[in-house]
Number of protein chains: 2
Amino acid sequence: MLRINRETDYATAILSLMAQEPDECYSAAWLSARRCLPAPVVSKILKQLVRAQLLVSHRGAKGGYSLARPAEEISIAAVINAIEGPIALTDCIEGGNSACQYSAHCAVSSNWSRINDVFQHALEAVSLKDMSEPLAAEHPGLRALGERVRSAVN
Amino acid sequence: MLRINRETDYATAILSLMAQEPDECYSAAWLSARRCLPAPVVSKILKQLVRAQLLVSHRGAKGGYSLARPAEEISIAAVINAIEGPIALTDCIEGGNSACQYSAHCAVSSNWSRINDVFQHALEAVSLKDMSEPLAAEHPGLRALGERVRSAVN
DNA sequence: CTTAAACCGTACCAAATTCGTACGGTTTCA
DNA sequence: TGAAACCGTACGAATTTGGTACGGTTTAAG
């Protein structure tokens with residue numbers, strides 16, 4: 001557990017495919033066939049990505065979807081945000097109604113919030129371009145991150 | 001979204017309370033009253049934590065629960081693991097059955113896996129002790145992490 | 001100017017998960 | 001012997017998730 005939902009996973013798969021030919025215009029049907037995902041689901045996801053301004057759509061025959069900006073400038077955090085809303089590890093963080101009366105004298109909530117921030121930044125540091133390349137194990141940001149976490153505390 | 005489940009949140013709240021007097025033996029009823037959480041839920045969580053060997057239980061009258069080891073040696077990753085199982089951001093990572101035929105030539109899955117590792121390490125780096133102290137914003141591991149992620153990629 | 005390819009939006013449904021409850025059993029202390 | 005506490009299983013309602021249906025609009029091509 002602690003997982004992103006399936007649609008977000010699909011979204012990154014679709015977007016990473018589009019990132020390979022960033023100026024192309026892709027139809028929902030083509031993407032669905034290419035990724036072996038149900039067409040209505042792909043459509044639904046694409047529409048959400050348009051609303052979040054990660055894609056632009058072109059209507060009519062020969063229409064389709066294309067990236068709204070270069071793949072380097074689209075972060076995984078933005079994709080998650082588009083599909084599932086703000087990253088919020090706990091109810092408390094999303095704040096609003098759910099009535100954590102304690103927050104003032106509750107160390108836990110502020111610490112979760114801190115962890116949440118770290119995750120957020122980490123995901124902002126990974127772009128669609130990174131995600132679409134096979135060897136992102138070498139991605140400098142992530143690699144450094146892994147090592148630093150290890151050494152920072154032990 | 002991208003959140004831990006509520007029980008995990010409760011678990012950290014309960015454990016951080018116990019971490020304040022680590023040698024004390026706490027009854028489920030007392031913890032539930034203190035955290036204003038429904039007693040059966042608290043019980044359920046405590047039992048899961050025993051099974052994961054983060055707590056030890058003492059049966060009978062005057063029984064209760066106490067930490068199985070020092071708060072410094074219990075990581076948040078371990079707590080998540082105890083309540084919701086292994087950290088697995090995507091279906092693909094949990095692997096097993098769910099048939100990602102592509103994994104061989106799918107850059108996305110390996111990259112999610114990499115991100116998953118980073119999160120795992122980050123959560124292993126935060127102990128229950130950190131979590132129970134109000135100013136973990138000053139926690140060296142996390143603080144450094146935040147800054148480093150920012151600078152590593154931009 | 002008609003047709004077909006494509007996107008658009010809303011609404012709906014079924015399955016899975018989550019959150020919480022219930023209840024009967026066992027161990028230990030006083 | 002009784003009360004306080006843990007133990008385990010199983011259940012059920014509510015939410016979330018994953019996916020479908022369908023009728024509408026826009027645009028290119030013949």
Side-chain angles (χ1 to χ4, degrees), chain A residues 1-11 13-14 18 24-66 68 80 83-85 88-91 94 97-99, chain B residues 1-11 13-14 18 24-33 35-66 68 80 83-85 88-92 94 97-99:
Chain A
M1 299 290 176
L2 183 63
R3 71 173 56 193
I4 60 171
N5 69 31
R6 190 121 103 224
E7 286 188 352
T8 306
D9 190 10
Y10 290 172
I14 293 166
M18 297 177 74
E24 203 76 9
C25 184
Y26 299 89
S27 78
W30 187 86
L31 289 167
S32 128
R34 187 60 193 280
R35 281 302 197 200
C36 298
L37 296 174
V41 173
V42 171
S43 263
K44 187 174 169 184
I45 292 169
L46 291 168
K47 279 179 261 185
Q48 289 177 270
L49 295 172
V50 170
R51 244 171 275 149
Q53 302 183 305
L54 302 184
L55 295 180
V56 292
S57 63
H58 310 280
R59 304 184 64 158
K62 301 210 48 169
Y65 297 89
S66 46
I80 294 178
I83 306 291
E84 20 186 293
L89 287 174
T90 64
D91 277 359
E94 204 171 27
N97 41 16
S98 62
Chain B
M1 299 287 178
L2 183 64
R3 71 174 56 195
I4 59 171
N5 70 29
R6 190 120 101 224
E7 287 188 351
T8 306
D9 190 9
Y10 290 172
I14 293 166
M18 296 177 74
E24 203 77 9
C25 182
Y26 300 89
S27 78
W30 187 86
L31 290 167
S32 128
R35 281 302 197 202
C36 297
L37 296 173
V41 174
V42 171
S43 263
K44 187 174 169 183
I45 292 169
L46 291 168
K47 279 179 262 184
Q48 290 178 269
L49 295 172
V50 170
R51 244 171 276 149
Q53 302 183 303
L54 302 184
L55 295 181
V56 290
S57 64
H58 310 280
R59 305 184 65 158
K62 300 208 51 168
Y65 296 90
S66 45
I80 294 179
I83 306 291
E84 20 186 294
L89 287 174
T90 64
D91 277 357
C92 222
E94 204 171 25
N97 41 17
S98 63

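A note on names: the letters A, B, ... follow the listed sequences, proteins ahead of strands, and every chain is numbered from 1.
For Tyr65(A), counting side-chain heavy atoms from C-beta on, the closest listed nucleotide (dT20(D), dC7(C), dC19(C)) is dC7(C). Of the candidate nucleotides dC7(D), dT20(D), dA29(D), dT20(D) has the atom lying nearest to any side-chain atom of Val41(A). Nearest nucleotide to the side chain of Lys47(B), out of dT20(D), dC7(D), dC6(D): dC7(D). Distances were taken from every side-chain heavy atom of Ala61(A) (C-beta onward) to each of dC7(C), dT27(D), dT20(D); the shortest belongs to dT27(D). Distance from the side chain of Ser27(A) is smallest for dA6(C) among the nucleotides dC19(C), dC6(D), dA6(C).
Distance Lys62(A) NZ to dT25(D) C1': 20 Å, rounded to the nearest Å. Rounded to a whole Å, the CH2 atom of Trp30(B) is 16 Å from the C1' atom of dA5(D). Taking atom CD on Glu84(A) and atom P on dT16(D), their separation rounds to 13 Å, with Å as the unit. One can place CG of Leu37(A) at 15 Å from C1' of dT20(D), the figure rounded to the nearest angstrom. Rounded to an integer number of Å, the gap from CD1 of Ile45(B) to P of dT21(C) is 12 Å. Here dT18(C) presents its P atom at 14 Å from CD1 of Ile80(B), a figure rounded to the nearest Å. Between the P atom of dT28(C) and the NE2 atom of His58(B) lies a distance of 12 Å, rounded to the nearest Å. Between Gln48(B) atom CD and dC19(C) atom P there is a gap of 11 Å when expressed in whole angstrom units.
In this structure, Arg6(B) reaches the dG20(C) phosphate: one of its side-chain N or O atoms is under 4.0 Å from OP1 or OP2. Neither OP1 nor OP2 of dG18(D) sits under 4.0 Å from any side-chain N or O of Tyr10(A).
With hydrogens and angles ignored, no donor-acceptor pair closer than 3.5 Å exists between the side chain of Arg59(A) and the base of dT27(D).
Here Ala29(A) lies out of heavy-atom contact (under 4.0 Å) with every strand. Using a 4.0 Å heavy-atom criterion, one finds that Pro38(B) contacts the sugar-phosphate atoms exclusively.
Remark: Ile14(B) CD1 to Arg35(B) CZ distance equals 8.5 Å, nearest 0.5 Å. If you take CG on Leu89(A) and CG on Leu2(A), they are separated by 6.5 Å, rounding to the nearest 0.5 Å. Rounded to the nearest 0.5 Å, atoms CG (Asn5(B)) and CG (Asp91(A)) are 10.0 Å apart. Going from atom CZ of Arg51(A) over to atom CD1 of Ile83(A) covers 9.5 Å, rounded to the nearest 0.5 Å.
Nearest-nucleotide positions on DNA chain C place Ser57(A) closer to the 5' end than the other of Ser57(A) and Lys44(A). Along DNA chain D, the nucleotide nearest to Gly60(A) and the one nearest to Asn5(A) differ in position, and the one closer to the 5' end is contacted by Asn5(A).
No side-chain donor-acceptor contact under 3.5 Å links Ser57(A) to the backbone of Tyr65(A).
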